[in-house]
Amino acid sequence: MPPTETLFLESTTRIQKDPIHSFMDFQVWDFPGQLNFLDPTFDFDHIFGELGALIWVIDAQDEYLEPLSKLHTTIIAIQRFYPAINIEVFVHKVDGLSDEYKLDTQRDIMQRTQDELSDNGFDNVQVSYHLTSIYDHSIFEAFSKVIQKLIPQLGTLENLLNILCSNSGIEKAFLFDVLSKIYIATDSSPVDMQSYEICSDYIDVIVDVSEIYGYLVDPLQEEATVEASSIIRLQNGMVLYLREINKYLALICLMRKDSIEKQGLVDFNVQVFQNALQRVFEVGR
C-alpha cells in the first residue's frame, strides 16, 4: 500500500504468519514488540529451529534502549543453539532524522550491541545493520540483502549476470522478484541507489501497464508462452531493458544507447542467460 496509508494500520498484537510464494517459498513471522518469545511458555525450537534470518526492527525516532536490550538477550540465546541464523537489524523510520543523526544512531546501536555481546563472550557474531524507511527504496534494498543471504545459488546467479553484462555492453543488471520489488541478485559492480530506484519504479510502470493491456495467461499453464519485454530510453542517454524471465522474476538492465543498437545480440544473450537460470533453479530443487 502507499506509505501514507500505513498511518491507519493497527499495531501488531499477535504473531502473524504470512506465506510468500515466489521464486522460492518462505514464511514471514511478524512478532509484536511486547511479546517475550524467550519465555518458557513458547517453544524456542519451534520458533528458531528452521529460521533463516531474524530481522529486528528498531524505531529510530523512539527510545530504543529497551528494545536494544531485548535484541542482545535474543542474539545470545540464538548463538547458543542456532548460530547459523542471520541477524539483521533494521534501524527504521529514519526518514524523520537528519543524515548526521541517522549515522550517529546507527553507530550507537552497533557499538552498544558489540559491547554487550563481547561482555558475554561472543566476540565474532555477524550482525548486519540497515537504515530503513517506507518513504523511499531503502526498505526494499534492505530486504533484498536479507533474502540474498538465504539463496544458496547466489554466487552462481552473480556469475551469470557478470557474464551477461560483459558480453552485452550492460552497465548494471538486476534480477527482480516482480511482486515484492526485491532484487534477488545483481552483478558484482557496486549498487548505485539511484539505479536501483529507477529499476524498481520501472517495475511499477510495467505492472500497471500489464494490468491494463496485459495478455491473458491460461491458468492451466505454469507460465505464459511469450515473456513480456520492454525498452525505455531515458533523457540522460541511458536505456532500461526489461525481460520477463518467468512468472516471478524479471531481468532489468541499465545500458548505454549504443549497446541497445545491437539488440539482437542482447536478446540472444538474455535468452542464453534465461536458459542457464532455469537449469540453476532446477538443480537447486
Side-chain angles (χ1 to χ4, degrees), residues 12 14-38 42-60 64 67-94 106 109-110 112-114 116-117 120 122-134 137-158 174-186 191 196 200 248-249 280-281 284-285:
T12 307
R14 56 186 177 81
I15 300 173
Q16 295 180 352
K17 300 179 181 180
D18 296 312
I20 310 295
H21 300 294
S22 183
F23 67 99
M24 67 181 214
D25 293 335
F26 57 95
Q27 269 194 333
V28 175
W29 290 21
D30 185 7
F31 283 81
Q34 70 275 14
L35 195 69
N36 181 16
F37 44 77
L38 297 179
F42 287 95
D43 187 337
F44 185 86
D45 293 322
H46 177 65
I47 294 173
F48 294 100
E50 296 184 2
L51 201 66
L54 172 73
I55 300 174
W56 196 275
V57 184
I58 290 179
D59 187 340
Y64 55 75
L68 201 53
S69 175
K70 289 173 70 175
L71 168 64
H72 301 156
T73 306
T74 304
I75 293 176
I76 290 167
I78 288 174
Q79 285 299 306
R80 288 188 175 129
F81 300 101
Y82 301 106
I85 293 174
N86 296 323
I87 310 292
E88 312 282 345
V89 178
F90 284 13
V91 184
H92 197 47
K93 298 185 182 178
V94 294
Q106 185 180 17
I109 290 171
M110 289 172 64
R112 288 176 184 273
T113 302
Q114 189 177 338
E116 185 67 25
L117 293 176
N120 284 272
F122 297 96
D123 291 311
N124 298 312
V125 181
Q126 293 297 315
V127 182
S128 300
Y129 300 88
H130 312 266
L131 293 169
T132 60
S133 168
I134 60 170
H137 291 75
S138 59
I139 191 68
F140 297 107
E141 167 82 2
F143 263 108
S144 296
K145 290 180 176 175
V146 172
I147 294 299
Q148 285 168 27
K149 293 179 185 176
L150 304 180
I151 301 173
Q153 306 97 332
L154 181 63
T156 306
L157 299 184
E158 288 179 350
F174 294 96
L175 193 59
F176 270 92
D177 174 68
V178 176
L179 292 176
S180 65
K181 291 193 292 185
I182 287 172
Y183 69 93
I184 68 165
T186 183
V191 175
Y196 169 66
S200 182
Y248 299 121
L249 299 176
V280 168
F281 281 117
R285 290 194 188 98

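Being a predicted model, the structure only gives us computed values, none of them experimental. These numbers come from the heavy atoms of this one structure, side chains and all, not from hydrogens, waters or symmetry mates.
Inter-residue side-chain proximity for Tyr82 and Leu51 is flagged as unmet; no heavy-atom pair is nearer than 4.5 Å. The closest side-chain heavy-atom distance from Ile134 to His92 is below 4.5 Å. Proximity of Ile75 to Trp56: side-chain heavy atoms (C-beta onward) are nowhere separated by under 4.5 Å.
For the residue pair Tyr183 and Val191, the shortest heavy atom distance occurs at OH-CG2, 3.7 Å. Across every non-hydrogen atom of Ile85 and Leu54, the tightest pair is CG2-N, 3.9 Å. Across all non-hydrogen atoms, the minimal contact from Ile47 to Phe31 is CG2-CZ, 3.8 Å. When every heavy atom of Thr12 is checked against every heavy atom of Gln34, the shortest pair comes out as O-NE2, 3.9 Å. Taking both residues in full, the closest heavy atoms of Tyr196 and Ser144 are given as OH-OG, 4.0 Å, listed atom of the first, atom of the second, then distance.
A search for side-chain hydrogen bond (donor to acceptor under 3.5 Å, both in side chains) contacts involving Gln79 returns nothing, not counting sequence neighbours. When the side chain to side chain contact (heavy atoms under 4.5 Å, CB included) test is applied to Arg80, the partners found at least two apart in sequence or on another chain are Ile76, Phe122. Leu38 is linked by a side chain to side chain contact (heavy atoms under 4.5 Å, CB included) to Asn36, Phe44, Phe48, Thr73, Thr74, Ala77, counting only residues two or more places apart in sequence or in another chain. Every residue was checked against the salt bridge (charged side-chain N to carboxylate O under 4.0 Å, His left out) condition with Glu158, not counting sequence neighbours, and none meets it. Residues that satisfy the side chain to side chain contact (heavy atoms under 4.5 Å, CB included) test with Lys149, not counting sequence neighbours, are Asn86, Glu88, Ser128.
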Practice prompt. Go through the steps for Glu116 and Arg112 under the test salt bridge (Lys or Arg N to Asp or Glu O under 4.0 Å), then give the verdict.
Written response: CA-CA 6 Å; Glu116 185 67 25; Arg112 288 176 184 273; over 6 Å; no
Discussion item. Please evaluate residues Thr156 and Phe281 with respect to the criterion side-chain contact (heavy atoms from CB on, under 4.5 Å), reporting the C-alpha separation (whole Å), side-chain torsions for both, the decisive distance (0.1 Å), and the verdict.
Written reply: CA-CA 10 Å; Thr156 306; Phe281 281 117; over 6 Å; no
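Judged purely by atom type and a 3.5 angstrom limit, Ser133 has no side-chain atom pairing as donor or acceptor with the backbone of Val94. Using modelled atom types, one side-chain atom of Lys70 and one backbone atom of Gly33 make a donor-acceptor pair closer than 3.5 Å.
A distance of 8.0 Å separates CZ of Phe140 from CD1 of Ile182, quoted to the nearest 0.5 Å. Leu154 CG to Ile147 CD1: the interatomic distance, rounded to the nearest 0.5 Å, is 11.5 Å. Note that CG of Leu117 and CG of Leu71 are 8.0 Å apart. Values are rounded to the nearest 0.5 Å. The NZ atom of Lys93 lies 15.0 Å from the CG atom of Leu131; values are rounded to the nearest 0.5 Å. The distance from the CD1 atom of Ile87 to the OG1 atom of Thr113 is 10.5 Å, given to the nearest 0.5 Å. His130 NE2 to Glu141 CD: the interatomic distance, rounded to the nearest 0.5 Å, is 9.5 Å.
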N/O donor-acceptor pairs under 3.5 Å from side chains in residues 15-26, not counting sequence neighbours:
{"unit_1": "Ser22", "atom_1": "OG", "unit_2": "Asp177", "atom_2": "OD1", "d": "2.2"}
{"unit_1": "Asp25", "atom_1": "OD1", "unit_2": "Ser22", "atom_2": "N", "d": "3.4"}

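Within 6.0 Å of the CG atom in Asn124, the count of heavy atoms belonging to other residues, nucleotides or ligands does not exceed 12. When the shell of 6.0 Å around CD of Glu50 is examined, it contains 12 or fewer heavy atoms from other residues, nucleotides or ligands.
Here Phe143 and Phe90 bring their ring centres to under 6.0 angstrom of each other.
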